[in-house]
Amino acid sequence: MKFKTELVEQITKLSNVKDIEHLLDVNPPKGDFALPCFKFTKEFKCNPKQAADKLVGLLELPPFISKIETAGPYVNFYVDTQAMVQEVYAINESYGSSDLGNNTTVVMDYCAVNVGKPFGIGHLRSTVIGSCLDKVYEKLGYTVIAENYLGDWGTQYGKLLVAYDMYGDADKLTKDPIKHLYEIYTKFHQNETPEMLEKARATFKQLENGNKELLARMNEFRQFTMSEAVRICQDLNAEFDSYNGEAFYQPFANDAVKFVQSKTHTEISDGALIVPMEPAPLMLLKSNGATTYHSRDLATARYRIKEYNADKLLYIVGNPQSLHFEQLFETLSRCNIDEKMFEHVKFGLLSLPDGKISTRKGNLIFLDDVFKRASQKILDIINEKNPQLPNKENAAYKIAVGAIIFADLKTDRIKDVVFDWDTVLNFEGETGPYLMYTHARACSILRSVEHVPAVFEHASVLEHALSKHLLSFPETLVQTHNHNKPHILAQYTIKLAQLFNEYYVNAKVDGVEEQGIRYMMVQKSQEVLKQCLTLLGMHTPTEM
RNA sequence: GGGCCCGUGGCCUAGUCUGGAUAUGGCGACAGCCUUCUAAGCUGUAGGUCGAGGGUUCAAAUCCCUCCGGGCCCGCCA
C-alpha cells in the first residue's frame with residue numbers, strides 16, 4: 001500500500017534503525033499503523049516513551065496522515081479516510097497484477113491422478129492448492145506450466161492388469177470404467193497372495209519390455225482415467241498444460257541415472273545403485289536393474305528444466321513424501337543444479353474420522369459423491385430461500401464446488417484434515433457459500449441502484465476499515481506467493497466479506513446523499529471479491 | 001533406533017517466518033435485529049494457564065533447550 005511505503009520511507013530517514021517496514025504494525029489496536037519505539041532508545045539515548053515523543057517531533061508527516069499520537073512507547077498513525085477512498089477509486093480489473101515474476105517460468109506439479117483409481121477427496125487437496133497457486137503466480141507475471149503427473153507406471157499397474165485378468169468384466173468397464181477398475185484393484189488386495197504378487201511383478205516386467213497387448217490395455221485404462229480427471233478438474237476450475245506422467249518420463253530415466261553417476265558419487269548396496277546420504281540413501285536402480293520412482297523424478301526434473309525452460313519447480317504433494325523430495329533435491333543439488341529451483345509444497349494428510357484413507361482398504365470417498373450431497377443440500381436451501389432463482393440445479397452445483405474448494409483452502413495447508421460431513425455441509429460463517437453470497441449481494445446492489453458519481457467529501461468512518469482492507473489486496477497476493485500458501489488469500493477473502501457485510505448493513509446505498517461514494521465502494525468491493533474467488537478457483541455467482 | 005510436521009476456549013482456526021499494546025475469526029450455546037439495496041446476513045453475551053517446564057530479552061503464542069501428546073516417514077510400492 002502506498003501509504004505504508006511512504007510512511008516507512010519517512011520514518012527510515014530519522015534514524016539508523018533498520019527494517020522499519022517489518023517493525024511497523026499494520027493492524028494495531030489503535031490507529032492504522034503503529035510504531036513500537038523500543039529500538040530507538042539506544043540511538044536517541046532515552047527511554048521508549050521519550051523516543052516515541054521525539055519521533056513525533058521529528059517526523060515530517062505525509063499529507064494522508066490525519067492524526068498522530070503517542071501511547072506510551074508507541075506512535076499511532078491514523079490515515080485519512082478520504083485519501084484511502086480515493087485510492088480505492090483507482091481499483092480496476094488489473095488490480096493486484098504485477099510483473100514480480102518477470103516472465104520466469106514455473107512448472108507446477110499437482111493433482112497427479114493415478115490410472116485406474118478414482119479421483120478421491122485426497123486428490124482434491126493437491127488440485128485446489130496447486131490450481132490456486134497457479135492462478136496467483138500467473139497474476140503476478142509468471143509463466144506457469146501446470147503438469148498433472150499421471151501415476152501410470154510401476155508394479156501396482158502389474159497388479160491392476162492381473163486384477164483385470166482375474167476379475168475384469170468388459171461390460172462393466174465400458175459402463176463405469178473407473179469404478180470397475182477400483183473394484184477389481186481393491187479385490188486384488190483383499191485376496192492378495194505371494195503368487196499373485198509375483199504374477200503382478202512379472203506382468204509389469206512384460207509391460208516394461210513393451211508387450212503390445214498389455215500396453216494397449218494400459219493405454220485404455222489411462223484414457224478412462226484422464227477423461228474423468230479432466231471432467232472433475234474442469235469443475236474445480238483447474239486447467240493443465242500437460243498430462244505427462246511416469247510412463248512418459250520412464251524412457252528418460254536411465255539417462256538421468258547416468259547423469260547422476262557422472263556428476264556425483266554413487267554406490268552399490270545390496271545390489272542396488274544408490275546415492276548415499278543421511279538419513280536415508282536415494283535409490284537410483286533396483287537390484288534387478290529396474291528404474292525407481294526417484295530415477296523417474298530425476299528424469300522429470302531434468303526434462304522440465306530443459307524442455308519447459310523452467311526456472312522453478314513446485315511439487316504440490318502431500319507431507320508423507322517429504323523425505324522423498326529432500327532426497328531428490330539433495331541429489332539434484334549434488335549434480336550442480338541449484339537447490340533453490342525446487343520446492344516441495346507439502347500439505348497435511350486427509351483422513352476419515354475412523355482412520356486412514358486407502359485405495360487398498362477401499363474406504364475412499366468419491367469426490368463425485370461429495371459434490372452430489374453438497375449440491376442437494378444447497379438446492380434445498382435455494383428452494384427455501386430463493387425459489388425463483390433461474391437454473392437452480394446448475395447454480396447449486398457451482399456453489400457446492402465452491403464450498404468444497406474453500407473448505408480446503410481456508411486453513412494452512414500444513415495441517416492434517418479430518419474429513420467430516422457436518423463441516424463440509426455447513427454453509428454459514430467462514431465458508432465458500434458465505435463468500436459467494438456476499439458477492440451476489442454486492443452484485444444485487446449494482447443491478448438495482450442507480451450509478452451516480454462519487455463525491456469523496458462524503459467519505460466517513462464507515463468507509464475506513466473496508467478501504468484499508470481493499471488496499472492491502474496486492475500485498476496479500478505477494479504474501480500468498482512468497483509462502484505458497486493459499487490460506488493467506490482465503491483468510492483475506494473472509495475478512496473482506498465480513499467487512500463488506502458490515503458495510504452493507506450500516507451504509508444504505510439507494511436514495512441517500514452518499515449514494516455515489518457508497519455505490520463506488522460496493523463496486524470496488526465486488527471487483528476485489530470477484531478476483532479473490534476466481535484466484536481461489538471458485539465461481540462468482542451474481543445472484544443466489 | 002533416527003528424522004520431519006502439528007499442539008491456541010467444547011469443536012475448528014488466524015497470528016509463529018520478521019518477538020512489541022487488552023491473542024484473530026468461525027462452528028456450537030445463549031440474547032437481540034427482516035414495512036427499506038438478498039437474514040447463506042448483522043449485533044451482543046458466555047467461553048483462553050496459546051500442550052508442560054526451563055532459558056534468552058525491556059518485551060515470548062512467536063526465538064533456543066528439555067519433556068509430553070498426536071500424525072507422518074525411514075531402498076527394491078509410487
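Per chain, numbering begins at 1; letters A, B, ... match sequence-line order. No hydrogens, no waters, no symmetry mates; every other heavy atom, side chains included, goes into these values. Just so you know, these numbers come straight off a predicted model, no measurement behind them.
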Point to revise | Short side-chain N/O contact to B:G15 OP1/OP2 from A:H487, under 4.0 Å | key: yes
Check your understanding: What nucleic acid atoms does A:D416 come within less than 4.0 Å of, heavy atoms only: base, sugar-phosphate, or nothing?
Key -> sugar-phosphate
Check your understanding: Nearest-Å distance, NZ (A:K415) to P (B:A14)?
Key -> 4 Å
Exercise for review: Please determine, for the side chain of A:Q498, which listed nucleotide (B:G25, B:A40, B:G75) has the closest atom?
Suggested key: B:G25
Review point. Taking CG from A:L23 and P from B:U62, how many angstroms apart are they, rounded to a whole number?
Key: 19 Å
**Study point:** A:T423 vs B:C12: side-chain N/O to OP1/OP2 distance below 4.0 Å
**Key:** no
Check your understanding: Closest to the A:A280 side chain: B:C74, B:C72, B:U43?
Key -> B:C74
Exercise for review: Look at all strands and tell whether A:A440 reaches a base, only sugar-phosphate, or nothing, counting heavy atoms closer than 4.0 Å.
Suggested key: base
Exercise for review: Determine, answering yes or no, if A:Y437 is stacked on B:G41 under the 5.5 Å centre rule and the 30° plane rule.
Suggested key: no
Practice item. Please figure out whether A:S444 or A:I274 has its closest RNA chain B nucleotide nearer the 5' end. Key: A:S444
Revision key, fill the gap. Out of B:A40, B:G26, B:U38, minimum distance to the side chain of A:I378 belongs to B:A40
**Study point:** Interatomic distance, A:Y74 OH vs B:U22 C1' [rounded to whole Å]
**Key:** 11 Å
Check your understanding: How far, in whole Å, is B:C50 from B:C37 if one measures between their C1' atoms?
Key -> 42 Å
Review point. Just how far is it from atom CG of A:L349 to atom CZ of A:R125, taken to the nearest 0.5 Å?
Key: 9.0 Å
Review point. Picking from B:G75, B:A21, B:C37, which would you name as closest to the side chain of A:N76?
Key: B:A21
Point to revise | Distance-only donor-acceptor check, side chains A:N501 and A:Y434, under 3.5 Å | key: yes
Check your understanding: What integer number of Å spans the C1' atoms of B:C11 and B:U56?
Key -> 35 Å
Review point. When the P atoms of B:U24 and B:G47 are considered, how many whole Å apart are they?
Key: 15 Å
Check your understanding: What integer distance in Å separates A:Y503:OH from B:U43:C1'?
Key -> 19 Å
**Study point:** Check: B:G75 base within 3.5 Å donor-acceptor of A:T292 side chain
**Key:** no
Study note, to complete from the structure: Atom CG of A:N501 and atom P of B:G41 are separated, to the nearest Å, by 8 Å
Check your understanding: With a 3.5 Å cut-off and just heavy-atom distances, do the side chain of A:S322 and the base of B:C73 make a donor-acceptor pair?
Key -> no
Exercise for review: Report yes or no: is there a donor-acceptor pair, N or O only, under 3.5 Å between the side chain of A:N426 and the base of B:A40?
Suggested key: no
Check your understanding: Is B:A52 paired to anything, Watson-Crick or G-U wobble with both distances less than 3.5 Å, and if yes, which nucleotide?
Key -> B:U66
Exercise for review: For A:P320, report the nucleic acid contact type (base, sugar-phosphate, nothing); a contact means any heavy atom under 4.0 Å.
Suggested key: sugar-phosphate
Review point. Base, sugar-phosphate alone, or nothing: which one does A:T431 contact when heavy atoms must sit under 4.0 Å apart?
Key: nothing
Practice item. Give one of base, sugar-phosphate or nothing for A:L446, where a contact means two heavy atoms less than 4.0 Å apart. Key: nothing
Review point. Within this structure, what is the NZ-to-C1' distance between A:K485 and B:G15, rounded to whole angstrom?
Key: 11 Å
Review point. So what does A:H483 touch, heavy atoms closer than 4.0 Å: a base, only the sugar-phosphate, or nothing?
Key: base
Check your understanding: Distance-only, no hydrogens or angles: does the A:R518 side chain make a donor-acceptor pair with backbone N or O of A:K508 under 3.5 Å?
Key -> yes
**Study point:** Atom-pair distance (CD on A:E384; P on B:A39), nearest Å
**Key:** 14 Å
Revision key, fill the gap. Considering only heavy side-chain atoms of A:P281, the closest of B:G75, B:C73, B:C58 is B:G75
Practice item. Pick the P atom in B:A14 and in B:C30, then give their distance to the nearest Å. Key: 27 Å
Revision key, fill the gap. Quick note, A:P29 side chain, CB onward, closest among B:C42, B:G75, B:U22 is B:U22
Review point. Across the strands shown, which category fits A:A34 at heavy-atom distances under 4.0 angstrom: base, sugar-phosphate, nothing?
Key: base
**Study point:** Candidates B:G15, B:C42, B:U13 - which lies nearest the side chain of A:Q491
**Key:** B:U13
Review point. A:N319 CG to B:C74 P: how many Å, rounded?
Key: 13 Å
Review point. Given B:C37, B:G41, B:C6, which nucleotide is nearest the side-chain atoms of A:I414?
Key: B:C6
Practice item. Could you check whether A:R413 gets within reach of a base, just the sugar-phosphate, or nothing at all, counting any heavy atom under 4.0 Å? Key: nothing
Check your understanding: Aromatic ring centroids of A:F204 and A:W153 under 6.0 Å?
Key -> yes
Review point. C1' atom, B:C65 versus B:G44: distance in rounded Å?
Key: 45 Å
**Study point:** Closest nucleotide among B:U18, B:G75, B:C42 to the A:M283 side chain
**Key:** B:G75
Review point. What nucleic acid atoms does A:T70 come within less than 4.0 Å of, heavy atoms only: base, sugar-phosphate, or nothing?
Key: nothing
Review point. How would you label the contact of A:D412 with the nucleic acid (heavy atoms, under 4.0 Å): base, sugar-phosphate, or nothing?
Key: sugar-phosphate
Practice item. Remember a base hit wins even if backbone is also touched, and classify A:P28 as base, sugar-phosphate or nothing at under 4.0 Å, heavy atoms. Key: base
Exercise for review: Look at the side-chain N and O atoms of A:R447 and state whether any lies under 4.0 Å from the OP1 or OP2 oxygen of B:U38.
Suggested key: no
Check your understanding: Does the side chain of A:Q388 pick up a donor-acceptor pair with the side chain of A:N386 at under 3.5 Å?
Key -> yes
Check your understanding: Mind checking who B:G47 pairs with, Watson-Crick or G-U wobble, both distances under 3.5 Å?
Key -> none
Check your understanding: Within the side chain of A:Q327, is there an N or O that forms a donor-acceptor pair under 3.5 Å with the backbone of A:P281?
Key -> yes
Check your understanding: Given the P atoms of B:C12 and B:G7, what is the spacing between them in whole Å?
Key -> 12 Å
Point to revise | Nucleotide nearest A:A272 when distance is taken to its side chain, options B:G41, B:C73, B:C76 | key: B:C76
Review point. Quick one: OG1 on A:T203 to CE on A:M196, what's the gap to the nearest 0.5 Å?
Key: 11.0 Å
Check your understanding: Which label fits B:C27, syn or anti, where anti is any glycosidic angle not within 90° of 0?
Key -> anti
Practice item. If the glycosidic angle is within 90 degrees of 0 it's syn, otherwise anti, so just tell me which one B:G75 is. Key: syn
Check your understanding: Side chains of A:T431 and A:E428: donor-acceptor distance under 3.5 Å anywhere?
Key -> no
Exercise for review: With P as the reference atom in both, quote the distance from B:G55 to B:U62 in angstrom, rounded to an integer.
Suggested key: 14 Å
Exercise for review: Please determine, for B:C37, whether a Watson-Crick or G-U wobble partner exists with both distances under 3.5 Å, and give it or none.
Suggested key: none
Review point. When rounded to the nearest Å, what value does the distance between P atoms of B:A31 and B:U22 take?
Key: 33 Å
Practice item. Name the nucleic acid region contacted by A:M544, choosing base, sugar-phosphate or nothing; use a 4.0 angstrom heavy-atom cut-off, strictly under. Key: base
Check your understanding: With a 4.0 Å cut-off on heavy atoms, is A:F38 in touch with a base, just the backbone sugar-phosphate, or nothing at all?
Key -> base
Review point. How is A:G151 classified with respect to the nucleic acid when contacts are heavy atoms under 4.0 Å: base, sugar-phosphate, or nothing?
Key: nothing
Check your understanding: Can A:Y519 and A:E450 be counted as having a side-chain donor-acceptor contact under 3.5 angstrom?
Key -> no
Review point. So which one's nearest nucleotide on RNA chain B is more toward 5', A:I381 or A:K39?
Key: A:K39
Practice item. Look at the side chain of A:S126 and the backbone N and O of A:H123, then say whether any donor-acceptor pair between them is shorter than 3.5 Å. Key: no
